[in-house]
*Asks:* 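Here you go, one structure.
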Amino acid sequence: MSAKTLTINGKPVSAREDETILDAARDAGVVMPTLCHLDGLTDIGACRMCLVEVTGINKLLPACTTRVAEGMEVRTDTEQLRKYRRMTVELLFAERNHVCAGCVANNHCELQDVGIAVGMDHVRYDYLFPKHDVDLTHTQFGMDQNRCILCQRCVRVCDEIEGAHTWDVLGRGVKARVITDLNQPWGESLSCTSCGKCVMACPTGAIFKLGSTVEESVKDRSKLAFLKNARDKKQWVM
Amino acid sequence: MTPEELDRTREREQAADANFEHHVHVCVGTACEALGSEAIAKNIESELKAAGRDGKIKVRCVGCPGLCALGPLVEVEAKDKPADEPATLYQYVKPEDAKEIAASIGGAPATRLQADTRQPFFTRQTKIVLENCGRIDPERIEDYIAADGFQALEKALFEMEPQEVIDEISKSGLRGRGGAGFPTGLKWATVAKSNSPAVSRVPDDILARKFVICNGDEGDPGAFMDRSTMEGDPFRIIEGMLLAGYAVGAGKGYVYVRAEYPLAVKRLRSAIRQAQRGGMLGANIMGSGFNFDIDVRLGAGAFVCGEETSLIASIEGGRGTPRPRPPFPAESGLWGCPTLINNVETMANIAPIIRRGAAWFAGIGTEKSKGTKVFALTGQVNNTGLIEVPMGISLREIVFDIGGGLPEGRSFKAVQTGGPSGGCIPAQYLDMKVDYESLAQVGSIMGSGGMIVMDDQTDMVEIARFFMEFCMEESCGKCVPCRVGTAQMHGLLTRISEGKATQAHLDTLTELCDMVRRTSLCGLGQSAPNPVLSTLRYFKSEYESKLVKDGQHER
């Protein structure tokens with residue numbers, strides 16, 4: 001496999017040809033906020049946090065789904081991009097009822113971290129205050145729609161790594177929400193294996209383990225990448 | 001059907017038609033059919049039968065002849081009519097008028113029902129895509145063959161290499177009629193050159209490894225061009241897809257039609273079945289060794305499925321949401337295979353170009369926009385209906401000559417083109433030429449062809465709010481800017497409409513427009529702010545007059 005050289009924020013970087021701009025940036029120590037990306041899952045370019053400017057291309061490109069190319073000049077930190085990222089996070093905070101103080105993910109929430117990283121000090125948009133339910137029918141886990149940012153990490157982890165495809169998305173636009181099976185209560189789901197991978201994958205406090213305290217809810221996401229890697233490389237010996 | 005059989009069928013049909021002294025065409029497009037036009041056709045036929053004249057007069061159910069505002073329409077054409085003389089056209093026909101019309105054939109026309117066929121609506125149009133609409137029975141393959149149908153296919157299969165077909169389309173200068181105006185020949189060449197993957201996700205029962213998709217998911221409010229084409233001349237789309245399949249080396253085609261077009265679906269299905277029976281679809285087409293088949297796929301009511309990557313996801317059986325491009329479908333589309341996607345109107349232009357040559361087509365239109373464009377003319381205009389005009393015609397000619405101006409002496413304010421992705425063009429640009437570049441310059445787009453005329457009583461903020469509501473409800477919800485941004489912009493527009501907004505709200509709206517346009521994943525979000533941006537550009541005072549002045553704001 002051949003390697004490509006490119007520049008990220010003026011700094012020369014090398015990357016394997018099958019890598020994305022996000023991979024290359026992370027290898028080079030360039031920090032870029034992401035929400036829908038999770039190591040080990042297929043990228044979908046949905047959260048728009050990792051948009052970058054590439055010289056010669058008129059459109060902004062998501063770093064997580066764009067492959068590197070020879071001589072590519074990438075900028076990840078322009079004034080414009082920083083502004084768009086902050087607006088995106090503000091839109092997310094205005095969309096549902098994100099109340100950090102009462103959330104099980106407080107202090108280890110990716111949405112909260114990204115909000116701090118992009119320098120969001122307040123939300124300038126009208127809070128939509130949608131009415132959402134909390135599903136506590138499962139014996140081990142709970143789902144609070146109010147905290148969900150529709151990153152679809154639960155959908156992908158359940159489909160791609162666990163192979164159960166319990167989660168999917170119902171409806172569209174601001175009315176879209178994740179559901180289990182055919183919009184049944186999670187506790188009645190026949191496909192759910194109660195593996196807990198969705199809990200591990202969730203960036204916020206939307207999917208959580210019942211009965212855990214805030215301090216106990218810290219997630220170890222490297223397990224998912226480990227599982228995916230081991231499977232891809234056929235390291236399982238049955 | 002071999003080429004010889006095709007010739008025989010054509011000659012037989014044309015000879016049979018020549019036996020009739022008069023032809024009666026009754027429109028059975030969705031609009032006229034809803035007003036009972038099938039009963040009109042039936043009544044005229046039984047009247048003629050009762051009078052013993054059915055051997056000399058042929059009654060035919062046809063697709064949309066265009067002037068929907070006057071429907072149901074019935075046309076009576078004498079065989080010996082001079083070519084430059086228009087046929088007699090009857091308007092607002094009711095089933096009980098059949099007796100009067102039947103009796104008048106061959107004699108003096110029934111003046112009570114007669115429409116004026118010398119008005120610019122009829123004389124200023126140039127018909128390529130719609131040349132058979134209103135002339136042939138869309139449910140009979142023989143009618144299409146009699147109108148020189150499948151001759152382009154025969155010519156391509158037996159006289160041209162696939163590359164020559166692509167060259168011909170490139171030379172014609174045809175650009176995608178779905179809205180963006182991408183050169184069709186270039187798209188075909190890209191798909192032709194793309195290699196199919198060694199391992200693909202194609203289901204086992206499908207042998208093809210390259211695909212052609214015809215996009216009939218017409219969803220813009222006020223647009224009905226593609227519906228009329230599919231209803232009025234479905235065989236033309238099949239022939240266009242066959243030619244595309246031959247040119248790019250595809251083995252299978254899909255027509256993706258929205259389920260809200262039941263008549264178009266019915267006619268397309270009937271056309272595909274007839275083409276399969278006639279050996280124009282399937283294996284070894286016309287004995288040439290070329291294999292190609294077509295299936296219809298129905299949309300489940302999502303505007304975003306007109307976007308090509310969502311459309312592909314929908315055909316694959318998934319949730320209709322877009323994915324980032326590149327890779328473009330030309331390289332990796334349906335089930336990961338190279339896929340050609342063209343709009344219905346683009347496909348409808350292919351057969352005439354191959355039949356009559358690229359030079360003929362390139363002679364119509366402007367330097368960069370060749371051929372004709374079909375528009376669905378609606379809103380505050382006298383002649384609402386379906387029109388086909390050469391590129392480069394002025395907006396004034398469309399609205400005031402062909403459209404017959406605005407009703408009840410109201411004055412013109414703006415014309416909206418391109419649906420929720422387009423913009424409003426004010427009166428100062430009425431003399432502008434209609435082509436891809438000019439429309440983009442004034443902040444709108446060609447779009448698929450919806451054209452909504454607005455009068456002086458139209459509230460432009462309300463128009464922007466309407467289109468934003470549409471985009472908000474049609475956003476798939478995958479990417480954040482489109483999902484939440486459209487909802488916020490809709491909220492801000494509602495606030496302005498209700499007189500509860502300040503200058504700060506208008507600034508936030510402008511900022512969101514820019515952000516959603518630049519950062520959304522697909523065309524829906526990227527173009528959703530266009531109606532706001534174009535009305536802000538030309539009618540900013542209307543926004544400002546609704547704002548609460550400083551110090552007067554109450555919450």
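Just so it is clear: chains get the letters A, B, ... in the order the sequence lines come, proteins before strands, and each one is counted from 1.
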*Asks:* Apply side chain to side chain donor-acceptor pair (under 3.5 Å) to the pair A/Gln112 and A/Asn106, showing each step before the final yes or no.
*Replies:* CA-CA 8 Å; A/Gln112 199 178 40; A/Asn106 194 10; 2.7 Å; yes
*Asks:* With the threshold set at 4.0 Å, does a side-chain nitrogen-carboxylate oxygen contact exist between B/Glu437 and B/Arg175?
*Replies:*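 Here B/Glu437 pairs with B/Arg175 in a salt bridge, since their nearest N and O are under 4.0 Å apart.
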*Asks:* Report which part of B/Arg323 has an atom under 4.5 Å of a heavy atom belonging to chain A: side chain, backbone, both, or neither.
*Replies:*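 No part of it gets close to chain A.
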*Asks:* Side chain from CB out, backbone as N, CA, C, O: work out which of these in B/Leu512 comes under 4.5 Å of a heavy atom of chain A, or both, or neither.
*Replies:*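 Both the backbone and the side chain of B/Leu512 come within 4.5 Å of chain A.
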*Asks:* For each of A/Pro62, A/Cys151, A/Gly171, tally heavy-atom pairs with chain B at distances under 4.5 Å, and name the one with the top tally.
*Replies:*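 Highest number of pairs under 4.5 Å: A/Gly171.
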*Asks:* At a heavy-atom separation under 4.5 Å, does A/Leu150 approach chain B through its side chain, its backbone, both, or neither?
*Replies:*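 Both parts, heavy atoms under 4.5 Å.
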*Asks:* CZ/B/Phe303 to SG/B/Cys476 distance, rounded to the nearest 0.5 angstrom?
*Replies:*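 Result: 12.5 Å between the selected atoms.
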*Asks:* Out of B/Cys471, B/Pro326, B/Pro322, B/Gly477, which one racks up the most heavy-atom pairs below 4.5 Å with chain A?
*Replies:*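 Answer, by heavy-atom pair count under 4.5 Å with chain A: B/Gly477.
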*Asks:* Which bit of A/Leu128 is near chain B, if near means a heavy-atom gap under 4.5 Å: side chain, backbone, both or neither?
*Replies:*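 For A/Leu128, side-chain heavy atoms alone lie under 4.5 Å from chain B.
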*Asks:* Examine whether an atom of B/Ser520 lies under 4.5 Å from a heavy atom of chain A, and if so say whether it belongs to the side chain, the backbone or both; otherwise answer neither.
*Replies:*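 Backbone only.
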*Asks:* Quick one about A/Glu160 and A/Thr42 (side-chain donor to acceptor, distance below 3.5 Å, no hydrogens or angles considered), yes or no?
*Replies:*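 There is such a pair (donor and acceptor under 3.5 Å, judged by atom type) between the side chains of A/Thr42 and A/Glu160.
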*Asks:* With distance as the sole test, does B/Arg518 use its side chain to make a donor-acceptor pair with the main-chain N or O of A/Leu81 at under 3.5 Å?
*Replies:*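 Not a single qualifying donor-acceptor pair exists.
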*Asks:* When only pairs under 4.5 Å are counted, which of B/Cys479, B/Pro327, B/Ala487, B/Ala504 shares the most heavy-atom pairs with chain A?
*Replies:*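 Answer, by heavy-atom pair count under 4.5 Å with chain A: B/Cys479.
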*Asks:* Given heavy-atom pairs under 4.5 angstrom as the criterion, report whether the side chain, backbone, both or neither of A/Ile57 touches chain B.
*Replies:*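 For A/Ile57, no heavy atom lies under 4.5 Å from chain B.
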*Asks:* With respect to chain B, which residue among A/Val169, A/Leu92, A/Thr88 yields the maximal number of heavy-atom pairs within a distance under 4.5 Å?
*Replies:*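 Top count of heavy-atom pairs under 4.5 Å with chain B: A/Val169.
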*Asks:* So with a 6.0 Å cut-off around NZ of A/Lys219, is the heavy-atom count from everything else above 12?
*Replies:*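 Atom NZ in A/Lys219 is crowded, with more than 12 foreign heavy atoms closer than 6.0 Å.
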*Asks:* Can you tell me if A/Glu79 has over 12 outside heavy atoms packed within less than 6.0 Å of its CD?
*Replies:*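 Counting neighbours around CD of A/Glu79, 12 or fewer heavy atoms of other residues, nucleotides or ligands fall under 6.0 Å, so no.
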*Asks:* Heavy-atom distance under 4.5 Å to chain A: side chain of B/Thr519, backbone, both or neither?
*Replies:*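 Both the backbone and the side chain of B/Thr519 come within 4.5 Å of chain A.
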*Asks:* Hydrogens and angles aside, do B/Thr535 and B/Arg465 bring a side-chain donor and acceptor to less than 3.5 Å of each other?
*Replies:*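 On atom types as modelled, these side chains do not qualify, holding no pair under 3.5 Å.
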*Asks:* Counting only heavy atoms closer than 4.5 Å, note whether B/Ala302 contacts chain A via side chain, backbone, both or neither.
*Replies:*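 B/Ala302 touches chain A through backbone and side-chain heavy atoms alike.
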*Asks:* Tell me, out of A/Gln152, A/Lys83, A/Lys175, A/Arg67, who's got the most heavy-atom pairs with chain B below 4.5 Å.
*Replies:*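 The residue among A/Gln152, A/Lys83, A/Lys175, A/Arg67 with the greatest pair count is A/Lys83.
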*Asks:* Select one option (side chain, backbone, both, neither) describing which atoms of B/Glu511 are under 4.5 Å from chain A's heavy atoms.
*Replies:*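 Both backbone and side chain.
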*Asks:* How far apart are the C-alpha atoms of A/Asp23 and A/Thr20, what are their side-chain angles, what is the distance that settles it, and do they pass the side chain to side chain donor-acceptor pair (under 3.5 Å) test?
*Replies:* CA-CA 5 Å; A/Asp23 297 329; A/Thr20 63; 3.2 Å; yes
